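Reading through the structure tokens given below for one structure.
Chain letters run A, B, ... following the sequence lines, proteins first, then strands; residues in each count from 1. For clarity, every value in this text was computed on a predicted model and none was experimentally measured.
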2 protein chains.
Amino acid sequence: MNTLVEGGTIVTMSDRGVIQDGAIAIQEDRIIEVGKSSELKRKYRGYAKIEAEGRVVIPGLINTHHHAAMSLLRGYADDVDLKTWLEKWVWPLEKHMDGRDIYVGALLTAIESIKGGTTTVNTMYHYSPEYNEARAFADAGLRGVIGHVCFSWRKEHDIQTLKKLAATWHGKEGGRLRVSVDPHAPYTVDPEYMIQLKTLSKELNQQYGLKDAPIIWHLHLAETSDETEKIKAAFNVPVKGGAVEYLDALGVLSGNVVAAHCVHLTPRDIQILKERQVKVVHNPISNLKLSAGISPLPRLIENKVQVSLGTDSSCSNNSSDMFEVMKITALLHKGVTGNPTVLPAEKVLQMATLDGAKSLKWQNEIGSIEEGKKADLAIVNFKKPHLRPLYNEVSHLVYSTKSSDVETVIINGEVVMEDRTVKTVNVDEVLEKVDKVKSDLLTRTQND
Amino acid sequence: MNTLVEGGTIVTMSDRGVIQDGAIAIQEDRIIEVGKSSELKRKYRGYAKIEAEGRVVIPGLINTHHHAAMSLLRGYADDVDLKTWLEKWVWPLEKHMDGRDIYVGALLTAIESIKGGTTTVNTMYHYSPEYNEARAFADAGLRGVIGHVCFSWRKEHDIQTLKKLAATWHGKEGGRLRVSVDPHAPYTVDPEYMIQLKTLSKELNQQYGLKDAPIIWHLHLAETSDETEKIKAAFNVPVKGGAVEYLDALGVLSGNVVAAHCVHLTPRDIQILKERQVKVVHNPISNLKLSAGISPLPRLIENKVQVSLGTDSSCSNNSSDMFEVMKITALLHKGVTGNPTVLPAEKVLQMATLDGAKSLKWQNEIGSIEEGKKADLAIVNFKKPHLRPLYNEVSHLVYSTKSSDVETVIINGEVVMEDRTVKTVNVDEVLEKVDKVKSDLLTRTQND
């Protein structure tokens, strides 16, 4: 379908900046022109119109670290330490989740993401055939990178699963879905297996990788202060320096690696992240909630490390809300560094859009509103008391906008939400399924 | 009017805890019974019904530090240091604001507050006759404490103004409005004037104070690390210890004092805050945004200092959203202390409700859902994707609920918002006025 979004303020995140009374012409799944409304209205008369007067149009937000299925555990475990959180709460419930449960959880996250203007989600979870996160994103119309998380204790299963995942989903659904190889963390994936996964990734890329669409890595890295101790204890290996340096010595770091957290870093670690062009994901809400620590984000940015933003799972957040993540990112580092000029609104919005696209190696197609890119847009209604008066759109987007202000969302040229109604799936049915899965999981866990 | 809120989950914040399928009977402005729906429905047949199935009913949130009129400056100045923020941005615009502008700004904050489930706001600003924050809150149906901010450079004006404020508004509007004496800060109010204001407060209380409704103090205290230096520089006085100890030596601290911020405290300061029963307001978003620092909140609570929550002004936040403040409070101190068990959801919700009421010396009438208290309620719609599944209402209220989930708000027994429509004022008209005031202020400021 061909669509003209007209009369809105376009925050392009390209060198064209903010266009007042702007318009965006969309042909099928791509943006074919961005300009002034007056001009584009004449030029694209036959196009279906989306009126954006009083609205601000932004590139769809990109959430670069999530475990989509874990929305099923939203609010299940709070205010406890990580060990209790995992061992007493999360794992005992998770072990009862099957593919269908994972599908339902990921569908819930997809709906929540779309309702909050997020159009791309990078998710790490257990992949299973037939029902899985990929199918959920496909059904919801969300763009995403779907991983399968790998552990030393199930190598054979992981390798077979990754092959299936890549064969089934990489580049599928009109290019909306890509896949990744997800070594869980340096302390759960032994050094040999880490290297084996690197080799496997190369093979998968040769077989299934597409032009400008590599199969990337997605892992947890340097999340807690004791990570190097955990590596030593798990594999009885010497660890010189930080966890990043340890991984680099294995030869597995590159520009195709998305590393979530990176909270506890040595100066050498930061240098390596930069040199290897590793893509770091900052998850401030999760890091605070689990007391993992506070990322040295301003120092990473100063050192030209590429950082994007993520929510992490709904069990450690407890939302999939990128507007919240933007606001907390802008606030937290001002408070921690004592410098109110760090992480200005413009930079934070860039981290949630264009930098997110770069992290996923998807910047040729998403992350900004530009001719030739895919049409992934969020239209935000600014006619709200909490968004008045208006001095600066970007300030409001980071400091004042709520996910509930997002009115219309377009992904790959398709209107997936209109006037806050998600059009791709029956939301009420999904919520009923979520309640059912929750009851079943609780019953099974209590019967253990 | 008599109303029965029925079929909801009532989070009472009293020793009755959470009542599933509960009901609240309201006669005029007061709660007359709280119990099970099945029972109250039989008992109060003639009452107007508010159906709360799938909803969670909470005491209206209490925002104990705000400058309501400053919503006019929302997003006007971000990402700059405090000196630049004040001297280059805030003050040059504020000096052009008159009573009518203040009224419009406070009305905007009142609307935003109501839409976010906040039913009481403690605000400090310049009071002027006829049009002012008190009139705005009166018109919007909001409950609040209205102060007049005092500075050494305008003593005579302040004293006359405080008398007018107390005479006109204390205990008025069906008891919805109270007033306060607001010495701006220890570094802008000289020691002699501070003592003079204490004496004046006593006189005002004798003349206008009501049973269980004193005229309180509201000031800024220990916001930045250089506050004692600023006091010394301003008044050429010796300052022994911290800013709290300094004020205590003047004999002005008591249980009637609401002190915003209290970020930079000596151990002796904390002891004094406890002994004098000073009511501290934690404003995490503002403190982070302006890089004021991070309050030692867990230590204050350990030491049994009474702490409630505030947004601070919409120029340093940039929202009047107490749900955001709750989430950030619960997160921030876990991250900073490295202890994920501090500030659990239950405590944070208490800080935003009952503890807020105690701060304002209003706990006999508000802060919990109990028989005999005023009917100040927020009804939150939990039938939302981001609030599913549901394991624990209080967790969701702090970690997952958004202000936009608030559906209906009752203040003093009056339904001030229904299905998200504010019923007391014409919101569109207010927004038009806000835009006009903003344009006028910008023009006047640019012409300086």
Side-chain angles (χ1 to χ4, degrees), chain A residues 71-72 74-76 78-82 85 108 111-112 115-116 285 287-294 317-321 324 327-328 330-332 334-341 343-345 383 385-386 388-392 395-396 399-400 402-405 427 430-431 434-435 437-438, chain B residues 72 74-76 78-82 85 108 111-112 115-116 284-285 287-294 317-321 324 327-328 330-332 334-341 343-345 383 385-386 388-392 395-396 399-400 402-405 427 430-431 434-435 437-438:
Chain A
S71 61
L72 294 174
R74 187 200 315 280
Y76 180 58
D78 306 311
D79 308 321
V80 294
D81 64 89
L82 183 63
W85 186 80
L108 180 62
I111 291 167
E112 190 190 351
K115 293 202 90 159
I285 296 181
N287 293 161
L288 292 171
K289 182 160 184 260
L290 297 177
S291 294
I294 295 170
N317 180 308
N318 303 344
S319 309
S320 300
D321 185 338
E324 267 185 13
K327 182 161 184 172
I328 290 188
L331 292 171
L332 179 62
K334 291 176 171 66
V336 168
T337 60
N339 178 356
T341 69
L343 275 305
K383 293 179 168 180
H386 64 274
R388 303 288 269 271
L390 173 62
Y391 296 94
N392 177 316
S395 165
H396 272 14
Y399 289 115
S400 304
K402 296 170 199 315
S403 57
S404 49
D405 300 326
V427 174
V430 174
L431 296 187
V434 166
D435 288 349
V437 168
K438 174 218 159 187
Chain B
L72 294 174
R74 187 198 317 280
Y76 180 57
D78 306 311
D79 309 322
V80 295
D81 66 89
L82 183 63
W85 187 79
L108 179 62
I111 291 166
E112 190 190 351
K115 294 201 91 159
I285 295 181
N287 294 161
L288 291 171
K289 182 160 185 258
L290 297 176
S291 294
I294 296 171
N317 180 307
N318 304 341
S319 309
S320 300
D321 185 338
E324 267 185 15
K327 182 160 185 173
I328 290 187
L331 293 171
L332 179 62
K334 291 177 172 66
V336 168
T337 61
N339 179 356
T341 70
L343 275 305
K383 293 180 170 180
H386 63 275
R388 301 289 268 271
L390 173 62
Y391 296 94
N392 178 316
S395 165
H396 272 13
Y399 290 114
S400 304
K402 296 170 199 314
S403 58
S404 49
D405 300 326
V427 173
V430 174
L431 297 187
V434 166
D435 288 350
V437 168
K438 174 218 159 188

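Residue A:Asn339 touches chain B through its backbone alone, counting heavy-atom pairs closer than 4.5 Å. Heavy-atom distances place the side chain of B:Val427, and not its backbone, under 4.5 Å from chain A. With a 4.5 Å cut-off on non-hydrogen atoms, A:Asn317 touches chain B through its backbone and its side chain both. Proximity to chain B (any heavy atom under 4.5 Å) is shown, for A:Lys289, by both the backbone and the side chain. Contact annotation for B:Ser403: only side-chain heavy atoms (C-beta onward) come within less than 4.5 Å of a heavy atom of chain A. For chain B, the nearby part of A:Ile294 is the side chain; its heavy atoms alone come within less than 4.5 Å. Contacts of A:His386 with chain B are made by both backbone and side-chain atoms, with heavy-atom separations under 4.5 Å.
There is no side-chain donor-acceptor pair under 3.5 Å between A:Tyr391 and B:Asp78.
The residue among A:Asn287, A:Leu390, A:Asn318, A:Leu72 with the most heavy atom pairs within less than 4.5 Å of chain B is A:Asn318. Your options are A:Leu431, A:Asp405, A:Val336, A:Leu343, and the one with the most heavy-atom pairs under 4.5 Å with chain B is A:Leu431. Most heavy-atom pairs under 4.5 Å with chain B: of the set A:Gly75, A:Gly338, A:Pro389, this distinction falls to A:Pro389. Interface summary for chain B: among A:Val437, A:Val80, A:Thr337, the most heavy-atom pairs under 4.5 angstrom belong to A:Val80. Between chain B and the residues A:Asp321, A:Val430, A:Leu290, the largest count of heavy-atom pairs under 4.5 Å involves A:Asp321. Residue with the most contacts toward chain A among B:Lys402, B:Lys327, B:His396: B:Lys327 (heavy-atom pairs, distance under 4.5 Å). Among the candidates A:Gly293, A:Gly335, A:Ser291, the residue making the largest number of heavy-atom pairs closer than 4.5 Å to chain B is A:Ser291.
In plain terms, the two heavy atoms of A:Pro340 and B:Asp81 that are nearest each other are CG-CA, 3.2 Å. Among all heavy-atom pairs drawn from A:Ser400 and B:Ser319, the shortest one is CA-OG, 4.0 Å. Considering every non-hydrogen atom in both B:Arg74 and A:Pro385, the closest pair reads NH2-O, 3.3 Å. What you find for A:Ser404 and B:Ser404 is that their closest heavy atoms are OG-OG, 2.7 Å.
We find that B:Arg388 and A:Glu112 are not joined by a salt bridge, their nearest charged nitrogen and carboxylate oxygen being 4.0 Å or further apart.
Going from atom CD1 of B:Ile285 over to atom CD1 of A:Ile328 covers 8.0 Å, rounded to the nearest 0.5 Å.
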